[in-house]
Colleague: 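Have a look at the structure that comes next, please.
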Amino acid sequence: MKILVTGGAGYIGSHTCVVLLQQGHEVVIVDNLCNSKPAAVERIRELGGKDVKFYKEDVCNETALGEIFRREQPGAVIHFAGLKAVGESVEKPLEYYANNVGSTLTLLKVMGETGVKNIVFSSSATVYGDVEDPPLREDAALPNHANCPYGTTKLMIEQILKDYAHAHSDFNAVLLRYFNPVGAHESGRIGEDPSGIPNNLSPYIVQVVVGKRDKLHIFGNDYPTPDGTCIRDYIHVVDLAEGHAAALKLFEKGNCGLRVYNLGTGRGHSVMEVVKAFSEAAGQDIPYVIEGRRAGDLPESYADCQKAKDELGWEAKKTLQDMCADALRWQRQNPDGYGD
Ligand code: NAD
Ligand code: WQD
């Protein structure tokens with residue numbers, strides 16, 4: 001199938017494009033490179049062993065997007081494009097609503113006009129908020145808003161897709177709620193390339209390992225967990241990428257309507273366990289200091305992944321050790337990410 005991938009030059013998008021190419025799909029990327037580099041597209045081509053078409057374009061640009069859709073006529077869309085920094089979304093809520101919700105509205109309009117009926121959307125475990133205790137199931141009650149504007153954009157987009165699917169019985173949407181994606185392609189050629197100081201745990205730790213940061217700041221060790229640090233469901237980005245390929249198979253089978261799946265491992269690891277695993281993978285201590293809690297962090301979050309296993313035939317295979325080894329290989333081979 002020809003898949004149009006918005007945000008395909010980004011962290012999760014690039015790994016997914018490689019998996020799609022390897023599975024025989026044709027890939028067209030639309031990315032404005034606001035948080036990624038053109039080198040990522042080159043490396044997707046290298047690892048996928050095939051060409052991909054790349055449009056440097058903003059998904060909010062309706063005219064340009066319409067032209068791309070009319071020219072390419074994709075069979076399905078995977079919509080990764082979006083801004084994702086939790087703290088920045090608190091500072092700049094309008095940018096987040098305009099970009100994340102706006103791009104989705106434009107995309108759906110153009111899909112409707114050009115007869116494209118299949119979309120996979122990048123949602124997030126953040127939509128669960130703190131309403132229910134883990135393991136989190138897809139049918140859990142969702143809050144009205146998340147703990148930050150970024151998370152609320154995901155809740156809003158999920159609702160828009162549900163309403164649109166309700167109005168169009170031939171429209172198919174698969175909402176994938178990612179837990180905590182980490183790791184990199186095992187080649188070390190593509191990986192996570194955050195700009196500035198990393199917000200997330202794994203990219204921060206690997207920068208400590210290569211000497212770009214002095215020490216890790218652990219946000220709180222007084223949570224009600226066995227070692228006092230927060231627990232998350234870390235999932236290898238290549239497992240996550242394969243989850244998208246599995247979701248696309250639903251479209252090949254016919255009309256699937258709107259479906260929601262968690263993509264996680266179903267297993268939680270504490271911050272201290274992650275630090276230990278990275279330290280073992282790196283063969284060196286990871287210096288750290290305990291700080292106060294970070295606003296908005298939940299003590300514990302992990303998925304119930306049974307639905308994806310039953311209906312997509314997908315489950316995560318890689319271990320925390322794989323995630324650490326692959327993230328480190330990427331960082332060591334590319335200490336400055338993709339460069340300028
Ligand atoms: P990323 O920033 O690496 O990739 C997003 C890509 O989208 C970037 O290449 C960026 O340039 C592009 N983009 C952003 N706005 C655009 C626009 N208007 N038009 C065209 N391109 C645009 O992020 P990622 O980690 O790969 O995340 C991909 C998706 O998954 C995002 O929607 C994110 O919210 C979601 N998600 C990520 C995580 C995570 O922890 N990484 C967890 C849950 C959900
Ligand atoms: C994990 C744990 C931190 C950095 C975020 C988004 C979520 C989703 C995934 C997009 C927490 C601790 C972190 C550091 C630390 N993204 N930590 N020191 O917060 O679970 O999820 O990314 O949808 O929406 O909120 O991930 O990697 O930031 O944090 O101690 O320097 O590591 O407190 O307990 P989080 P994270």
Side-chain angles (χ1 to χ4, degrees), residues 1-17 20 25-38 40-41 44 52-85 88-89 92-124 127 149-165 168 171-178 181 193 195 241 244 247-248 251 258:
M1 207 191 297
K2 185 189 270 195
I3 318 294
L4 187 142
V5 184
T6 77
Y11 172 46
I12 304 168
S14 57
H15 291 81
T16 303
C17 287
L20 296 179
H25 293 288
E26 216 179 313
V27 171
V28 176
I29 295 174
V30 180
D31 196 307
N32 64 1
L33 301 181
C34 69
N35 196 36
S36 51
K37 303 275 170 54
V41 179
I44 292 167
V52 298
K53 272 208 188 151
F54 172 61
Y55 293 93
K56 181 177 180 303
E57 196 50 77
D58 194 317
V59 182
C60 298
N61 183 338
E62 188 179 329
T63 309
L65 199 66
E67 280 169 19
I68 295 169
F69 270 72
R70 275 182 283 278
R71 190 175 314 132
E72 299 296 344
Q73 298 182 357
V77 173
I78 306 182
H79 184 33
F80 291 108
L83 302 174
K84 63 163 183 178
E88 186 185 61
S89 80
K92 302 174 179 171
L94 293 189
E95 275 185 34
Y96 274 68
Y97 289 114
N99 192 70
N100 293 7
V101 180
S103 66
T104 308
L105 292 175
T106 303
L107 185 60
L108 289 175
K109 187 158 181 247
V110 168
M111 286 173 68
E113 286 165 0
T114 56
V116 180
K117 299 185 186 314
N118 302 314
I119 186 168
V120 176
F121 172 63
S122 299
S123 191
S124 167
V127 299
Y150 162 71
T152 305
T153 69
K154 294 295 179 192
L155 275 169
M156 291 170 84
I157 296 166
E158 285 206 1
Q159 190 59 50
I160 289 165
L161 288 165
K162 285 170 194 165
D163 292 343
Y164 191 77
H168 299 86
F171 177 73
N172 303 310
V174 182
L175 282 53
L176 300 178
R177 293 178 180 158
Y178 314 154
D193 182 17
S195 53
H244 293 73
L248 289 174
F251 303 147
L258 184 130

Colleague: Hey, are Lys162 and Glu158 close enough for a salt bridge, meaning a charged N less than 4.0 Å from a carboxylate O?
Modeller: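 Counted as a salt bridge, because a side-chain N and a carboxylate O are separated by less than 4.0 Å.
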Colleague: Is there a side-chain contact between Leu83 and Cys34 (heavy atoms, below 4.5 Å)?
Modeller: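 With C-beta onward as the side chain, the pair touches.
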Colleague: Begin from the C-alpha positions of Met111 and His79 and carry the test side-chain contact (heavy atoms from CB on, under 4.5 Å) through to its verdict.
Modeller: CA-CA 12 Å; Met111 286 173 68; His79 184 33; over 6 Å; no
Colleague: Are any side-chain N or O atoms of Ser123 and backbone N or O atoms of Leu176, one a donor and one an acceptor, separated by less than 3.5 Å?
Modeller: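 Absent.
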Colleague: I need the Phe251 CZ to Ile119 CD1 distance, nearest 0.5 Å.
Modeller: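 Reported to 0.5 Å precision, the distance equals 8.0 Å.
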Colleague: Side-chain contact, heavy-atom cut-off 4.5 Å: Arg71 with Tyr55?
Modeller: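 Yes. Closest side-chain heavy atoms under 4.5 Å.
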Colleague: Once you round to the nearest 0.5 Å, how far does CG of Asp163 lie from NE2 of His168?
Modeller: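 These two atoms lie 11.5 Å from each other.
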Colleague: Considering non-hydrogen atoms only, spot the tightest contact between Val110 and Gly66 and give its length.
Modeller: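 Of all heavy-atom pairs spanning Val110 and Gly66, the closest is CG1-CA, 3.8 Å.
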Colleague: Distance check, rounded to the nearest 0.5 Å: Ile157 atom CD1 versus Thr153 atom OG1?
Modeller: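 It comes to 4.5 Å.
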Colleague: Write down the atom of Cys60, the atom of Ala98, and the distance for their closest heavy-atom approach.
Modeller: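 Shortest heavy-atom contact: SG-O, 4.0 Å.
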Colleague: Rounded at 0.5 Å granularity, tell me how far CZ in Phe54 sits from CG in Asp31.
Modeller: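 The distance works out to 5.5 Å.
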Colleague: Will you find, in the side chains of Glu88 and Tyr96, an N or O donor that is under 3.5 Å from an N or O acceptor?
Modeller: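 Looking only at side-chain atoms, Tyr96 and Glu88 do form a donor-acceptor pair, the distance falling under 3.5 Å.
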Colleague: Walk me through it: do Thr152 and Tyr97 pass the test side-chain contact (heavy atoms from CB on, under 4.5 Å)?
Modeller: CA-CA 9 Å; Thr152 305; Tyr97 289 114; 3.5 Å; yes
Colleague: Counting only heavy atoms from other residues, nucleotides and ligands, does the tally under 6.0 Å from NZ of Lys109 exceed 12?
Modeller: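 Atom NZ in Lys109 is not packed in, count stays at 12 or less.
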Colleague: Of all heavy-atom pairs between Ala76 and Leu248, which one has the smallest distance, and what is that distance?
Modeller: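 Result for this residue pair: CB-CD2, 4.0 Å.
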Colleague: Would you call the rings of Phe171 and Tyr164 parallel, tilted or perpendicular if under 30° counts as parallel and over 60° as perpendicular?
Modeller: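 Geometry flag for Tyr164 against Phe171: perpendicular rings.
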Colleague: Please lay out, stage by stage, how Val28 and Phe69 fare under the test side-chain contact (heavy atoms from CB on, under 4.5 Å).
Modeller: CA-CA 10 Å; Val28 176; Phe69 270 72; over 6 Å; no
Colleague: Testing Val27, Ile68, Ile29 one by one against Leu4 for a side chain to side chain contact (heavy atoms under 4.5 Å, CB included), which residue passes?
Modeller: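 Exactly one pass, corresponding to Ile68.
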Colleague: Using modelled atom types only, decide if a donor and an acceptor are shared between the side chain of Ser103 and the backbone of Val59 within a distance under 3.5 Å.
Modeller: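 Not a single qualifying donor-acceptor pair exists.
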Colleague: Could you tell me whether the side chain of Asp193 and the main chain of Ser36 form a donor-acceptor pair under 3.5 Å?
Modeller: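 Flag not set: sc Asp193 to bb Ser36 has no pair under 3.5 Å.
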Colleague: Just by modelled atom types, is the Ala9 backbone N or O under 3.5 Å from a matching donor or acceptor in the Lys37 side chain?
Modeller: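 Such a contact is absent between Lys37 side chain and Ala9 backbone.
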Colleague: Can you measure from CG (Leu108) to CG (Leu161) and round to the nearest 0.5 angstrom?
Modeller: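 Separation between the atoms: 5.5 Å.
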Colleague: Which atom pair, heavy atoms only, marks the closest approach of Ser124 to Tyr150?
Modeller: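 Taking Ser124 first and Tyr150 second, the nearest heavy atoms are CB-OH, 4.1 Å.
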Colleague: Going through the checks in order, is the side-chain contact (heavy atoms from CB on, under 4.5 Å) test met by Ile3 and Thr16?
Modeller: CA-CA 11 Å; Ile3 318 294; Thr16 303; over 6 Å; no
Colleague: If I compare all heavy atoms of Pro149 with all of Ser89, which pair ends up nearest, and what's the gap?
Modeller: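 Here Pro149 and Ser89 meet closest at CG-O, 3.2 Å.
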Colleague: So, does Lys2 use its side chain to make a donor-acceptor pair with the main chain of Glu72 at under 3.5 Å?
Modeller: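 Indeed, once roles are kept as given, a pair shorter than 3.5 Å links the two residues.
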Colleague: Please evaluate residues Phe80 and His15 with respect to the criterion ring pair (Phe, Tyr, Trp, His ring centres under 6.0 Å), reporting the C-alpha separation (whole Å), side-chain torsions for both, the decisive distance (0.1 Å), and the verdict.
Modeller: CA-CA 12 Å; Phe80 291 108; His15 291 81; over 10 Å; no
Colleague: With rounding to the nearest 0.5 angstrom, report the CZ to OG1 distance, Phe121 to Thr6.
Modeller: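 If I round to the nearest 0.5 Å, the distance is 9.0 Å.
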Colleague: Show the nearest heavy-atom pair for residues Asn172 and Asn118, with the distance to one decimal.
Modeller: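 Looks like ND2-OD1, 2.8 Å.
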